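Residue numbers start from 1 in every chain, and the chains themselves are labelled A, B, ... in the order their sequence lines are given, proteins ahead of strands. Note that this is a predicted model, so its numbers are computed, not measured.
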Amino acid sequence: MISYRLLDELANIQSNLSKKVIRKNYLDEVNTVAGVDVSFSVNNFAVSAAVIVDFNDLKIIEKKTEITNLFFPYISGFLGFREADAIISVIKKLKNNFDVLVVDGNGILHPRRFGLASHVGVLLDIPSIGVAKKLIRGAKVKNNKIFYQGEVLGVKVGDVYVSVGHKVSLKTCEQIISKLIRYKVPEPVRLAHILATNTAKNLKVKKRNIYI
DNA sequence: GCGACAG
DNA sequence: ATCTTGTCGC
């Protein structure tokens, strides 16, 4: 079980690490973009997937999957402690380099400015962008700007909510995500989602066969 | 007790 | 996130 005492400590860790987040561009030209997503299998396994695409034609350059243990439940505001490890593990399996990472979840659009995308970005010290499918509670959208706790912390692009993860300006986040959208979710993340979901599904089938 | 929650 | 069939439409 997770105690409020522990959540307090983890919230402090987030607050401290959020000071490392850089909201400006620390990247050169963008030629390749990686997308990651995590799916969940039977009980305590997480299946993560990473897909690198060419920024110009959105064609797949490389894809990888990884299976890791889950050691933390889903608690809104603490997604990084549940999924960051799985994401970092699969990124480390990639052979190719990429210029920026797109993560399924918020960046600094977060109670303590340290959502999943920032969590992964800071730990790996790479440019990252957060893309959420649902607006975090308490935020409001006006003219596609996302207002949260008195600050503009994101931008709505199509149907998704974009925020700075690390080492990318909000303006650049907006430009990059705009170019990556074919359907609702930006291509590399959508492809990673499909890959992770299918891989998790196959795992379940295999596990089931043992008992037949 | 009820509804809501970034995934 | 996940549990789940058919069905509408290109």
If I pick the C1' atom on dG6(C) and the same atom on dG1(B), what distance separates them, to the nearest angstrom?
36 Å
Between CE on residue Met1(A) and CG on residue Leu6(A), distance to nearest 0.5 Å
11.0 Å
Spatial distance of atom CG (Leu70(A)) from atom CZ (Phe45(A)) [nearest 0.5 Å]
9.5 Å
For a quick test of reading the model, state the closest non-hydrogen atom pair linking Ser128(A) to Ala117(A) and the distance between them.
OG-O, 2.8 Å
Can you pull out the residues from residues 153-162 of chain A that lie within a 4.0 Å heavy-atom distance of DNA chain B?
none
Measure CG/Asp37(A) against P/dA1(C) and give the value in whole Å, please.
7 Å
Minimum heavy-atom distance Leu153(A)-Ile108(A), with the two atoms named
CD1-O, 3.7 Å
Looking only at side-chain N and O atoms, does Lys201(A) come under 4.0 Å of OP1 or OP2 in dT2(C)?
no
With sequence neighbours left out, write down each residue that passes side chain to side chain contact (heavy atoms under 4.5 Å, CB included) with Thr68(A), or none if nothing qualifies.
Ala46(A), Glu66(A), Asp85(A), Ala86(A), Ser89(A)
Take atom CG of Leu195(A) and atom P of dA1(C), then tell me their distance rounded to the nearest Å.
15 Å
ring-ring contact (aromatic ring centres under 6.0 Å, His included) partners of residues 102-138 of chain A, not counting sequence neighbours, each pair once
Phe81(A)-His119(A), Phe114(A)-His119(A)
Listing request: all ring-ring contact (aromatic ring centres under 6.0 Å, His included) pairs with a residue in residues 131-167 of chain A, at least two apart in sequence or in separate chains.
none
Do you know which two heavy atoms are closest between Ser163(A) and Cys173(A), and how far apart they sit?
O-SG, 4.1 Å
Applying a 4.0 Å non-hydrogen cut-off, can you work out what Gly77(A) is touching in the nucleic acid: base, sugar-phosphate, or nothing?
base
Hey, quick one: are Ile52(A) and Ile60(A) part of the same hydrophobic cluster, counting side-chain heavy atoms closer than 4.5 Å, chains of contacts allowed?
no
Which nucleotides of nucleotides 5-10 of chain C have their base under 4.0 Å from a protein heavy atom (B), which only their sugar-phosphate (S), and which neither (-), written as one string 5' to 3'?
------
At a heavy-atom distance below 4.0 Å, what parts of residues 1-18 of chain A sit against DNA chain B?
none
Atom CG of Leu203(A) and atom CD1 of Ile67(A): how far apart are they, to the nearest 0.5 Å?
4.0 Å
Interatomic distance at P, dC3(C) relative to dA4(B), whole Å:
23 Å
What pairs meet the side-chain hydrogen bond (donor to acceptor under 3.5 Å, both in side chains) rule with one or both residues in residues 54-63 of chain A, with sequence neighbours excluded?
Glu62(A)-Lys64(A), Glu62(A)-Asn96(A)
At less than 4.0 Å, is any side-chain N or O atom of Lys134(A) found next to OP1 or OP2 of dC5(B)? Yes or no.
no
Starting from P on dA6(B), measure out to CG on Asp104(A) and report it in whole angstrom.
13 Å
Treating Ser169(A) as the side-chain partner and Lys24(A) as the backbone partner, does any N or O pair qualify as donor plus acceptor under 3.5 Å?
no
Taken to the nearest 0.5 Å, the spacing of Ile136(A) CD1 from Asn106(A) CG works out to 5.0 Å
Which residues pass the side chain to side chain contact (heavy atoms under 4.5 Å, CB included) test with Ala50(A), sequence neighbours left out?
Val36(A), Val90(A), Leu94(A)
Protein-nucleotide distance (Lys184(A), atom NZ; dG7(B), atom P), rounded to Å:
9 Å
Using a heavy-atom cut-off of 4.0 Å across all strands, would you classify Ile136(A) as base, sugar-phosphate, or nothing?
sugar-phosphate
Counting only heavy atoms and a strict 4.0 angstrom limit, can you tell me which residues of residues 105-122 of chain A come near DNA chain B?
Gly105(A), Asn106(A), His110(A), Gly115(A), Leu116(A)
Interatomic distance at P, dG3(B) relative to dT4(C), whole Å:
24 Å
Does Ser76(A) place a side-chain N or O at less than 4.0 Å from the phosphate oxygens OP1/OP2 of dA6(B)?
yes
Leu70(A) has an atom CG; how far is it from atom P of dT2(C), in whole Å?
11 Å
Would you please enumerate the stems DNA chain C participates in, each stem being three or more consecutive Watson-Crick or G-U wobble pairs with both distances under 3.5 Å?
none
Parsed dot-bracket for DNA chain B after applying the Watson-Crick and G-U rules with both distances under 3.5 Å and | for other-strand partners is .......
Of all the heavy-atom pairs spanning Arg112(A) and Gly77(A), show the shortest one and how long it is.
NH2-O, 3.3 Å
Ignoring hydrogens and angles, write down the donor-acceptor pairs under 3.5 Å from the side chains of residues 183-193 of chain A, residues two or more places apart or on other chains.
residue	atom	partner	partner atom	Å
Glu187(A)	OE1	Arg190(A)	NH2	3.1
Glu187(A)	OE2	Arg190(A)	NE	2.8
Glu187(A)	OE2	Arg190(A)	NH2	3.3
His193(A)	ND1	Asp37(A)	OD2	2.5

Just the rounded figure in Å: distance from C1' of dC5(B) to CG of Leu135(A).
12 Å
Separation of Tyr148(A) atom OH from dA6(B) atom P, in whole Å?
8 Å
Indicate the atoms forming the closest heavy-atom contact of Val100(A) with Val168(A), along with that distance.
CG2-CG2, 4.2 Å
note: Ile146(A), atom CD1; dA6(B), atom P; distance rounded to Å ~ 12 Å
